[in-house]
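Taking it in order: structure first as structure tokens, then the write-up.
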Amino acid sequence: MEERICNCCGRTLGKRTEEDALEVVKEWGYFSKKDLERHSFVLCEACYDRLIGTFALPVRKTEVTEAL
């Protein structure tokens, strides 16, 4: 498994089992300026927290009782 790097701060996060992070993959469809492109990025927890702190509406949170 390869190491992951935060796209925001550039910090190396290690392998998936070492540190949790947000991983996003978006496949853009038609009627966007990015038709048929796949974008992906990784954010460490600190950068994720900074990003969501800028949102006009808060992130919706629900409690999970079991980890998968």
To which residues is [X] joined in a hydrophobic cluster, defined by side-chain heavy-atom contacts under 4.5 Å among Ile, Leu, Val, Met, Phe, Trp and Tyr, whether direct or through other members?
X: Y30; value: F31, L36
X: V64; value: none
X: F41; value: L22, V24, L43, Y48, L51, I52, F55, V59

Any pair with a residue in residues 54-66 that passes side-chain hydrogen bond (donor to acceptor under 3.5 Å, both in side chains), sequence neighbours left out, goes on the list, sorted by first then second residue, please.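 Sorted result for residues 54-66: empty, none.
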So which pairs with a foot in residues 24-39 pass salt bridge (Lys or Arg N to Asp or Glu O under 4.0 Å), sequence neighbours left out?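 Output for this query lists E27-R38.
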Q | Least distance between heavy atoms, V42 atom then I5 atom | A |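 That closest heavy-atom pairing would be CB-O, 3.8 Å.
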Fill in: All salt bridge (Lys or Arg N to Asp or Glu O under 4.0 Å) counterparts of R11, not counting sequence neighbours
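Applying salt bridge (Lys or Arg N to Asp or Glu O under 4.0 Å) to R11 gives E19.
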With rounding to the nearest 0.5 Å, note down the distance linking SG in C44 to CG in N7.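 If I round to the nearest 0.5 Å, the distance is 10.5 Å.
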Give, for atom SG of C6 and atom CD of E45, the distance between the pair rounded to the nearest 0.5 Å.
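Between C6 SG and E45 CD, I get 11.5 Å after rounding to 0.5 Å.
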